[in-house]
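We name chains A, B, ... by the order of the sequence lines, and we start the count at 1 in each one. The structure displayed is predicted, hence computed values, not measured ones.
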Number of protein chains: 2
Amino acid sequence: MKSKMTIADVAKAAGVSSSAVSYALNGKPGVSEKTRDKVLQVAEQMGWKPNSAAKALSDASTHSIGLILTYDTDVLSVESYTMELIAGLTAVFEAQGYSLLLRSSSNRQHEVSIMKEWIATGAVDALLMLNVELSDPRVALLKQYPKFPVLMLCSVEMSDGMTALSDNEKGAAHLIVDYCYELGHRHIARVAGPEMMGHTFVRDNAFLDETSELNLRYNCLHTDYSPAAGRRSVERLLSLPNPPTAIVCDNDVMALAAIRTARRLGFKVPEDLSIISWDDSFMCEINEPSVTALNRNVVGRGKRAARMLIDMAEGRPVDSYVEDDYELIFRDSSGPIDPKE
Amino acid sequence: MKSKMTIADVAKAAGVSSSAVSYALNGKPGVSEKTRDKVLQVAEQMGWKPNSAAKALSDASTHSIGLILTYDTDVLSVESYTMELIAGLTAVFEAQGYSLLLRSSSNRQHEVSIMKEWIATGAVDALLMLNVELSDPRVALLKQYPKFPVLMLCSVEMSDGMTALSDNEKGAAHLIVDYCYELGHRHIARVAGPEMMGHTFVRDNAFLDETSELNLRYNCLHTDYSPAAGRRSVERLLSLPNPPTAIVCDNDVMALAAIRTARRLGFKVPEDLSIISWDDSFMCEINEPSVTALNRNVVGRGKRAARMLIDMAEGRPVDSYVEDDYELIFRDSSGPIDPKE
DNA sequence: TTGTATGCGTTATCAC
DNA sequence: GTGATAACGCATACAA
């Protein structure tokens, strides 16, 4: 009763040849309706499905898309981005007959070797690359295999000409800076992620542009996304002779840490200091005060990425795309300030 | 330069036969040391790796383990369990040459059909099953294929004799009830998850046992894990003529909602009411008050599950196992109460 | 329309 | 120790 069943068994049971079975099952011509129905019925009844390895070998396609996770225990439990992305990806894959092949790496070099393996063994039809960095070794590798279907989830500036699905970080920076300006803030600080990360770099530039355009004072501190780093950064910023009146944190965890720290130092939020989080989350909603945050549809991104990946895997041309659905959710951690202060 | 490279090309380049290449690469006898080294060197230099589909077909093993995710947008962003589990799984898989094959389903019936497909097509060597329910159709299916390697992440009571990796829910209930008793609480309530879920059922029984043993009053309300449900449950519990002095919530989100609700109703936490969360998380840490919670090593569970799955996939006998690392993290949402009140 | 025969790339068997 | 050759299970071009 094991999966020892082959197309030949079904052919025999249905009283036809193996090619007839194959044609019937794959909806291809070359078989009469009568035979097709018969075959389909017999196959269904026997519970036969084509062996995936044999099919993959014959098709030269595994119908699976690769994703390499970065195994970082610290952020695992406080970061829902990856999970939401995966949900979006698999939802579309499911409908299109694809699977997500997942592996994890602890460092970039290992990740490169997994990619090499995938390219050499043909284990995946395409792959999705996350967290592209400046002068990323993975990008260098991919340049050697220009035909291999890869989608990069990063700004086009990082993608080096390869297909990318990006966020409108520039537009997001504009949303935040404009909002702060309208509220009367003239000195904004940003507690950013690691300097090497691609999207940090892009956000850095976007913020510089937006703040200088409005003639605002702007400080930026780079961290590792941890709450401890967020705390330290806020301590430094608020001990400046002229502290900022608004702080933008690159993730929700640091934003929450920032609020705690500010309060501990005697600042009222939002009366003395506005805090804004770049990433929205449940924590931003339920915190007291709730946290003004930039929101985007991550599941939707996963879905679009899946569609692009399938197109690429099947050889259809795919253009880079910029998502533009950032919106600022106004909550209680931000508010107006007297510009004359 | 594509993956059009086959073992024959390597054999030709190395001046040997294809079988020599296969032997050399797989470390099998039947080839001289000189030829082996030569072959290895040539293969390395050419960047050749055995095609995964061909290898899978020949080996009758894909070296991948299946996992089906339940696509539930609501809990996606507030639930880190799955992500931590995946991290643990892939970490071990990585070291053992396995991959995680991920698919998602929106309902049980679909999940059953994916499992059927996997069993019939041989796309995975084994699979991991989550969230087993009472009279789960997946368990019924698996009973038809007793040889297929499946690990169930659930209580042994749910696993119907199949191999399971379980939590010591009974011990956990003991930890909590004992703690509450020592603090003077004599009336405990529990805001539980859905009644149909396997671990809810197990926890229900465990709580009943523990509370009756100490002669405590005990109420239990079943919910759907949502904050709204948590809120409603607490409202009901606290409007009782004799409200409980301690409430245990089956997840962190409901515990946070419970604290908010209790305060709104005029109860002080923890002075009038202790709140305990079954699941620990970053939110429990940073909330004010921080939330006393039951903690367990989910990544570690993933790692053990991975080892068990690989053993099963490779035909080694595997016994069910009960993890016993629950610990209660004492924080500010719980405290002593005057038993005479 | 149907059945036969070959390729997909590896592994493994078996003469040499 | 080495090199042909037969599985593995499916798809498909080709012949009937």
Report the distance from atom [atom1] of [X] to atom [atom2] of [N], rounded to the nearest whole Å.
| X | N | atom1 | atom2 | answer |
| --- | --- | --- | --- | --- |
| B:Leu25 | C:dG9 | CG | P | 17 Å |
| A:Met5 | D:dG9 | CE | C1' | 13 Å |
| A:Lys49 | D:dG9 | NZ | P | 17 Å |
| B:Lys38 | D:dG1 | NZ | P | 19 Å |
| B:His63 | C:dT10 | NE2 | P | 16 Å |
| B:Leu57 | C:dT11 | CG | C1' | 10 Å |
| B:Asp9 | C:dG9 | CG | C1' | 11 Å |
| A:Ile7 | C:dT4 | CD1 | P | 14 Å |

What contact category does [X] fall into here, base, sugar-phosphate, or nothing, at under 4.0 angstrom with non-hydrogen atoms?
| X | value |
| --- | --- |
| B:Ser19 | base |
| A:Lys34 | nothing |
| B:Val16 | sugar-phosphate |

Does [X] [atom1] have over 12 foreign heavy atoms under 6.0 Å away?
| X | atom1 | answer |
| --- | --- | --- |
| A:Glu314 | CD | yes |
| A:Lys143 | NZ | yes |
| B:Asp319 | CG | no |
| A:Lys49 | NZ | yes |

Reckon [X] has a side-chain N or O less than 4.0 Å from the OP1 or OP2 of [N]?
| X | N | answer |
| --- | --- | --- |
| B:Lys28 | C:dT11 | no |
| A:Asn51 | D:dC8 | no |
| A:Lys55 | D:dA11 | yes |
| A:Ser18 | D:dC10 | no |
| A:Ser22 | D:dA11 | yes |
| A:Ser58 | D:dC10 | no |

What N/O pairs connect the protein and nucleotides 14-16 of chain D at under 3.5 Å? Give each pair on its own line.
none

_Sidechain N-carboxylate O distance under 4.0 Å for A:Arg304, A:Glu323_ =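 Yes, this pair counts.
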*Is B:Glu133 salt-bridged to B:Arg108, going by a charged N under 4.0 Å from an acidic O?*
yes
*asked:* Any donor-acceptor pair under 3.5 Å linking the side-chain atoms of A:Thr121 with those of B:Asn51?
replied: no
*Among the candidates D:dT12, D:dG9, C:dT10, find the nucleotide nearest to the side-chain atoms of A:Ala54.*
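Of the candidates, D:dG9 comes closest.
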_Are the side chains of A:Leu134 and A:Met196 in contact, using a 4.5 Å heavy-atom criterion?_
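Yes - at least one pair of side-chain heavy atoms lies under 4.5 Å apart.
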